[in-house]
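Report on one structure; see the data block that follows.
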There are 2 protein chains.
Amino acid sequence: MPQISLRGAAMPESPIRKLMPYAETAKANGVKVYHLNIGQPDIETPIEVLDHMRNLDRTVIEYSHSAGYVSYREGLTKYYAQHNITVTTDEILVTTAGSEAILFAMLSCMNPGDEIIIPEPFYTNYSGFAGAASVSVVPVTSNIEDGFALPPIADFEPLITDKTRAIMVCNPNNPTGYLYSKEEMESLAELVKRHDLYLIADEVYREFCYDGNEHFSAMHLDGIDDNVLLVDSVSKRYSMCGARVGTLISKNKLVIQTALKYAQARLSPPTFGQIAAEAALSTPQSYFDEVSAEYVKRRDLVVKLLNEIDGVFCPKPSGAFYVIARLPVDDCDKFCQWLLEEFQLDGQTVMMAPASGFYATEGLGLNEVRIAYVLNEDDLTQAMACLKAALQAYPDKV
Amino acid sequence: MPQISLRGAAMPESPIRKLMPYAETAKANGVKVYHLNIGQPDIETPIEVLDHMRNLDRTVIEYSHSAGYVSYREGLTKYYAQHNITVTTDEILVTTAGSEAILFAMLSCMNPGDEIIIPEPFYTNYSGFAGAASVSVVPVTSNIEDGFALPPIADFEPLITDKTRAIMVCNPNNPTGYLYSKEEMESLAELVKRHDLYLIADEVYREFCYDGNEHFSAMHLDGIDDNVLLVDSVSKRYSMCGARVGTLISKNKLVIQTALKYAQARLSPPTFGQIAAEAALSTPQSYFDEVSAEYVKRRDLVVKLLNEIDGVFCPKPSGAFYVIARLPVDDCDKFCQWLLEEFQLDGQTVMMAPASGFYATEGLGLNEVRIAYVLNEDDLTQAMACLKAALQAYPDKV
């Protein structure tokens, strides 16, 4: 029997998914599980999109251009213009979700063995794509005490080696919800320019900025046009995670030409998803306003209820729909499993993502969890009541 | 300005696409171009699929399971059972088209620097995925004289090194249309078993077997369950190339578990495409019968007209919708470009894929072209008349 690859064996397991079997068992035993572990919102996809799909007028579901439909890319230039981002259709590559944009970015800009610096905790799947592209993630640690702000540039400097090719940020951040400021982004720009690095910015939560904060895009940075790659997706923006439509954007023509060769190898991004995404460009502002108001209410509720629990600390982030909370337990992996295996409050329990899986540094984040506030306020209230009771009952509290 | 990656720079350019700019110019000059260069059929997607999409009843376009909807995988087990392939839902991974299945197969089974042996000419994008996975393609040459039959096993043996991890075949074959026999597949089975290799079989043209020939799948081979990976796709089967839904199948549990980790990193295959693909499982046999009859007529016509042209040789393959023809010119790259740049017959010309791009061995296939018979008989007749006239007029005939 032939062996699987070493790289395949080394692929990290998702912290979001490894508890799934325990959740399945809990459900099979009649326990209601509040899923705060995944970023699948309950928000409806805009009705404009669904209506458009129901009026599909194609007779052959053909390949699109490998870089995506020209009409969709033209629509995207207008979308970005509304966010003060000036791009042409030639600078946009439509990808199979943000996932493929990240993979293409790594393949196009980095060789096997090269290093990419990413503030941790970070979206675990970055490690997966790095594994697929045979590049190494070098973490620089951010801290719950300051709400997971960008680590000082002085912390990045000693990590930069001959092999460092890129810095990657997610803004607003998954899993922390932190929104990087203009000043933080400018300090990164200075760093990447000085060391001739790429800056890969994942901005799929652009629309999810709260408390009057404006999103400052990596595309707004001056003087580093050739360094910046923007990763984007319609998944969260229009609550259509299943459409699998994203974009890779760069002013660096050679980067886009190179990424296009990888895009041509896989022929075409999804046609149905692109048709939906193009229709989604007509989504009225009222949709975003409603969604944003809903998430603000949920965030405020979750953060308040969390901080009311003895020994729990949760900073209040300004973006996305995640918070990371510190819990009074020694190992959240065990605690989250215990919640599913051994705990219930009136037949209910809660599933969260242990934060350790979002840290590349061994041993960090053990007393933290990521909570996605993707449920309605009633469910969130019930879930937080479960968590509070569970922490009282848990034998391994610290 | 940071440099692009060496691997990105080394990515091969598609032989199908590099002539595109010349075709665009020809069209801009009012010339009608018959596109025989790409595998985008003109056949309509089954009406069952389109009707189903028009009755879409979702309100949130969510992620599916990373391995694909369970209901779709259950449907697939029945589809495969009809082809005498016994698989369970756990042995099926739904992928973003056959492209992603190939990439996951290579990542899961091969380490960077490992080698995969593929009969040439082969589907060029295999090189693209190999490049993305940092593995090397080692070609073993098949020949137009015997219709591109499987090269003798004696030709494979000297190519097997410590780094060889897999053999890959496409059956029916793109670009040759050749249908591998049971005996040929069994000889490969003996070889992979003896050397403990994987056999990756791309069978996306399964439904396109003509002249009463039955498809013999790699999944029908005895005694090498742990070695076989099946790559499949709905793209050609239901003429829905844009759906981007494929499958990776293996009885080797560790392979599927490993591929699933890559699948989890990208979260979900396309939801719309999966909904369409599940509906497509209800496509009546009459659809396939009609499509098959249409392709047989087209193939017979194209092969006859090609062989009637002075100095042209074209074997008659039993599968897919491609033929490779040998032309009396010294360099088909130049000839195909000349067809677009300098030739027209009554305002018409033809675009074909130079076959050199399907060979990994430098210098092979220079006098061959791939023709996709994806147009109706009238258009094919016109296109062949263009080709005949062009060969008479071409100055660099041999």
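Using a 4.5 Å cut-off between heavy atoms, A/A97 makes no contact with chain B at all. Of the atoms belonging to A/D225, not a single heavy atom falls under 4.5 Å from chain B. For chain A, no part of B/Y126 is nearby; none of its heavy atoms comes within less than 4.5 Å. Within the 4.5 angstrom heavy-atom criterion, only side-chain atoms of A/Y123, from C-beta onward, approach chain B. For chain A, the nearby part of B/V135 is the side chain; its heavy atoms alone come within less than 4.5 Å. Both the backbone and the side chain of B/A133 come within contact range of chain A, each with at least one heavy atom under 4.5 Å from a heavy atom of that chain. When heavy atoms are compared at a cutoff of 4.5 Å, A/S99 approaches chain B solely by way of its side chain, counted from C-beta outward. In this structure, the portions of A/Q3 lying under 4.5 Å from any heavy atom of chain B include both its backbone and its side chain. For a residue to count as touching a neighbouring chain, one of its non-hydrogen atoms must lie under 4.5 Å from one of that chain's; by this rule A/I4 touches chain B with backbone and side chain alike. There is no contact between A/P46 and chain B, counting heavy-atom distances below 4.5 Å. Heavy atoms of A/S108 lying under 4.5 Å from chain B belong exclusively to its backbone.
Here B/S268 is the residue among B/A9, B/S235, B/S268, B/G128 with the most heavy-atom pairs under 4.5 Å with chain A. Among A/I38, A/D196, A/I102, A/L50, the residue making the largest number of heavy-atom pairs under 4.5 Å with chain B is A/D196. Comparing B/D226, B/L107, B/I275, B/N252 by how many heavy-atom pairs each has under 4.5 Å with chain A, the most go to B/L107. When B/T271, B/V49, B/N125, B/N55 are compared by the number of non-hydrogen pairs under 4.5 Å with chain A, B/N125 comes out ahead. Chain A forms more heavy-atom pairs under 4.5 Å with one residue of B/A243, B/C241, B/G8, B/P269 than with any other, namely B/C241. When each of A/P12, A/C109, A/S66 is checked for heavy-atom pairs under 4.5 Å with chain B, A/C109 comes out on top. The candidate from B/Q274, B/H195, B/R58, B/M240 with the greatest count of non-hydrogen atom pairs under 4.5 Å with chain A is B/M240. Among A/V255, A/L267, A/D42, the residue with the largest count of heavy-atom pairs under 4.5 Å with chain B is A/L267.
Note that CE of B/M11 is 13.5 Å distant from CD of A/Q257, once rounded to the nearest 0.5 Å. Taking OG from A/S134 and CG from B/N111, the interatomic distance works out to 8.5 Å, rounded to the nearest 0.5 Å. The structure places CG of A/L254 at 5.5 Å from CE of B/M1, a figure rounded to the nearest 0.5 Å. Taking CE of A/M53 as the reference point, atom CE of B/M53 lies at 5.0 Å (rounded to 0.5 Å).
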Practice task
I would like to know whether B/L103 and A/L103 meet side-chain contact (heavy atoms from CB on, under 4.5 Å); could you show each step before the answer?
Solution key: CA-CA 12 Å; B/L103 182 63; A/L103 182 62; 4.1 Å; yes
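Contact annotation: the side chain of A/I43 never approaches that of B/V60 to less than 4.5 Å [non-hydrogen atoms, C-beta and beyond]. Two residues are said to be in side-chain contact when any heavy atoms from C-beta on lie closer than 4.5 Å; A/P112 and B/P112 fail this criterion. Annotation: side chain of B/N227 is in contact with side chain of A/P2 (closest heavy-atom distance under 4.5 Å).
More than 12 heavy atoms of other residues, nucleotides or ligands lie within 6.0 Å of NZ in B/K18, so this atom counts as buried by the packing criterion. Atom NZ of A/K163 is surrounded by 12 or fewer heavy atoms from other residues, nucleotides or ligands within 6.0 Å. Remark: B/K193 NZ is loosely packed, at most 12 non-hydrogen atoms of other residues, nucleotides or ligands lying under 6.0 Å away.
Take B/E115 and apply the side-chain hydrogen bond (donor to acceptor under 3.5 Å, both in side chains) test, not counting sequence neighbours, and it matches B/T161.
Side-chain atoms of A/R54 come within 3.5 Å of backbone N or O of B/L56 as a donor-acceptor pair.
The interface of residues 258-265 of chain B with chain A, defined by heavy-atom distances below 4.5 Å, comprises B/T258, B/K261, B/Y262, B/Q264, B/A265.
Of all heavy-atom pairs between B/R244 and A/R266, the closest is NH2-O, 2.8 Å.
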